[in-house]
Structure formats: structure tokens, C-alpha cells
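Below is one structure, written out as C-alpha cells; the observations come after it.
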Amino acid sequence: MADPAVASGAALSAGGRGSGGKAATSPAENYHLARRRTLQVVVSALLTESGFESAEKAAVETLTEMMQSYITEIGRCAKAYCEHTARSVPTLSDTVVTLIEMGFNADTLPVYAKRSQRMVITAPPVTNQPVTPRALSAGQKRTHPAYIQGHFPEFPDPHTYIKTPTFREPVSDYQVVREKAASQRRDVERALTRFMAKTGETQSLFKDDITAFPLIAAQPSSIPYLSALLPSELELQTLEETDSSEQDDQTDSENAAGNITNDDPGADKENSMLPPSSVVPSVKATEDSVIDNPYLRPVKKPKVRRKK
């Protein structure tokens, strides 16, 4: 039987040559290459335990690929069982269920681990994966209590479940508040000016460079005094409220007059004797002759409602 170290070294060198002699360039490729070489050493040790003195390169590569596929399938199934129970890290129970699902007798593992002819392989050099920086750090990370076994996942980062109180008081100084408001107003005006300069017509102070110091082009109006004559939104709203209150008062007075007319039957007889050309048509004609212009309307004083 050959020396295990010689067999492992031969398999390792064969695996290195089997990769085509191409050096890994990225950290991820280096990490996978180190894992592959470790599997080749394990396969060589298992062959030595089984009584083989030598092995062909193709055979070692085939056995290494089979072991890698088997371990990958175990990890994939364990991950699936873990996610099925709403967890993110597989536990020992997930691995045991996976082995049973794949037809492996999990009870023989302790006996196989305590075999007398087993070989101890030195641990490969640790290749640290790039650690992603944590955005938030708050508090101290908790460890497992005594009643939780060590193979269970660790607690999440403290900032995911603890409350961080803030003691920053709001700024109430008058000068600071005014300066902040003025700064915000200046930023808003500057942003609006830039937007209008980009979307509308501009004029430049320099003929050579049009983009330098653009000015918003003035748009002359055909009727410059029209904006001064048109009422503002506040005035229109006030007029609408006044008109609605007058209509309500007029409706109330008409209803009251109708009630009085119904109570007085003699008034109906007098109204029936009126000629066709009464005062109503003249009033209607007067209303039609008036132009509906808010500036030609008579002055209306707001009605003050008395409290009952």
C-alpha cells in the first residue's frame, strides 16, 4: 500500500494539471479551486483506505465530481427544507432529513466516523471570503443561551429587533429656523429657475457660449393689462359664497311669501285679476339687458347672520 501523503500529493498535482494549467484570476475562482483540491485529497485518502496503491487521473477526477455532486445535492435539499419551515440557515435536523430522503442510513454515520483505519487530513488554508460591510451597527450581538445548541443559527443583527432611542431635540431657535427657511426658499427658487431655463426659451449674455449664464426669455403679452383686470381666485371664491348665501335668502323669502299667499285666499283672486303685462316681464327684460360682468355688478355687502 502506498503512502497516503504520496497518494494525496499525486492526486493534488493531477488535479492542478487537470484544470488546464490556467491560473485563477478572481477571489471566487481561487475559492472554488481550493475546495476542488481539498475534495481531490479526500478522494485520494478514501482510495488509500480502500487498499488502492495508485489511481488514474481520469478515475480520480470522476470520483471527485461524484462526491462534489453528492455534497451539492445534500446542501440543496437541506436548504429547501430550511426555507420550507420559514428559516434562512439549515440546521442539523434538515441535513438528517435530507440524508434519509436520499436513501442514506443516518444511523451508520457515528460508526463510520469512529473507524480505526480512518485518515486525518490536515485542514486546508482558510480562504476568507469578502465580507460585506454592515450598514447599521447598534448594540451588542447576543449569543445562544445554555438551552440552545450551538448548531442552530445565530441571532440576527441587533438593529433588526432592538429600539434605538433618539435624544435629538428639535431646533427651536428663531435665527436658525429663519436661516433654514430662507435657505430652502433659495434652493426652491434656484431649482425652479433651472427647470424653466432647461424647458423654455432662454437668452444668453455671451454670443460665443450659449450655455453660460442662461436667462429666462421674456414672453411679451398682447394684452398686458388683462391680468390686472381679471379677478383672483380668492375674489371669485368670495363672490360665489356671497351669491350662494343670497340665493338661499331669496329661496327662504319666496317660500315664506308662498306660505302667506296660501293662507290668504283673497290675494289669489287679486292676482288672477292682474293684466298679462304685469311687472314681472319688465323685470325680466331688465335682467336680460344687463351684461353679466363682475365689474359691472352693484356693490354687495356681506350679510351678517345673527345668532339665534
Side-chain angles (χ1 to χ4, degrees), residues 1-24 27-85 87-129 131 143-155:
M1 182 179 294
D3 190 3
V6 175
S8 301
L12 183 60
S13 61
R17 291 191 301 270
S19 60
K22 186 182 295 184
E29 293 179 357
N30 293 331
Y31 181 77
H32 293 301
L33 183 59
R35 294 292 182 183
R36 182 78 175 186
R37 289 178 178 176
T38 304
L39 288 178
Q40 290 175 353
V41 172
V42 172
V43 169
S44 302
L46 292 177
L47 291 175
T48 303
E49 288 183 11
S50 301
F52 292 93
E53 296 182 357
S54 62
E56 295 182 357
K57 173 184 173 182
V60 175
E61 286 291 333
T62 302
L63 293 175
T64 303
E65 188 66 27
M66 292 174 62
M67 177 176 287
Q68 183 176 353
S69 301
Y70 190 76
I71 295 175
T72 304
E73 184 65 18
I74 292 176
R76 187 189 66 79
C77 294
K79 182 68 173 177
Y81 284 117
C82 163
E83 293 177 350
H84 183 68
T85 53
R87 287 182 285 110
S88 59
V89 180
T91 59
L92 181 60
S93 58
D94 298 329
T95 307
V96 173
V97 173
T98 301
L99 293 175
I100 296 173
E101 184 69 21
M102 296 178 65
F104 185 82
N105 188 4
D107 296 335
T108 60
L109 279 177
V111 179
Y112 182 78
K114 295 177 182 179
R115 65 189 185 278
S116 59
Q117 298 179 354
R118 67 188 182 91
M119 296 177 57
V120 179
I121 302 174
T122 57
V126 179
T127 305
N128 296 327
Q129 292 182 341
V131 180
T143 58
H144 288 300
Y147 53 84
I148 298 180
Q149 300 180 5
H151 62 270
F152 280 96
E154 298 180 354
F155 283 105

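Nothing here was measured: the structure is a model prediction, and the numbers come from that model.
Scanning all heavy atoms of the two residues, the minimum distance from P153 to H144 falls at O-CE1, 2.7 Å. Pairing each heavy atom of C82 with each of P90, the nearest pair is SG-N, 3.6 Å. In plain terms, the two heavy atoms of T108 and N105 that are nearest each other are OG1-O, 2.8 Å.
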For this session: May I have the step-by-step check of side chain to side chain contact (heavy atoms under 4.5 Å, CB included) for E61 and Q40, ending in yes or no?
Result: CA-CA 8 Å; E61 286 291 333; Q40 290 175 353; 3.0 Å; yes
For this session: For side chain to side chain contact (heavy atoms under 4.5 Å, CB included), just list the numbers for L46 and M67, CA-CA rounded to whole Å, side-chain angles, deciding distance to a tenth of an Å, and then say yes or no.
Result: CA-CA 11 Å; L46 292 177; M67 177 176 287; 3.6 Å; yes
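Note that OG1 of T143 is 9.5 Å distant from CD1 of I148, once rounded to the nearest 0.5 Å. Taken to the nearest 0.5 Å, the OH atom of Y81 stands 9.5 Å off from the CZ atom of R76. With rounding to the nearest 0.5 angstrom, the CZ atom of R36 is 12.0 Å from the NE2 atom of H32. To the nearest 0.5 Å, atom CD1 of residue I100 and atom SG of residue C77 are 13.0 Å apart. Distance check: L39 CG to I71 CD1 gives 5.5 Å after rounding to the nearest 0.5 Å. To the nearest 0.5 Å, the span separating CD1 on I74 from OG1 on T95 amounts to 8.0 Å.
Checking R115, R118, Q117 one by one against E49, the side-chain hydrogen bond (donor to acceptor under 3.5 Å, both in side chains) holds for a single residue, R115.
The environment of E73 atom CD is dense: over 12 non-hydrogen atoms of other residues, nucleotides or ligands sit within 6.0 angstrom.
Residues that satisfy the salt bridge (Lys or Arg N to Asp or Glu O under 4.0 Å) test with R87, not counting sequence neighbours, are D94. Considering only residues two or more places apart in sequence or on other chains, E154 meets the salt bridge (Lys or Arg N to Asp or Glu O under 4.0 Å) condition with K141.
In this structure the side chain of M102 reaches within 4.5 angstrom of the side chain of T98, judged on heavy atoms.
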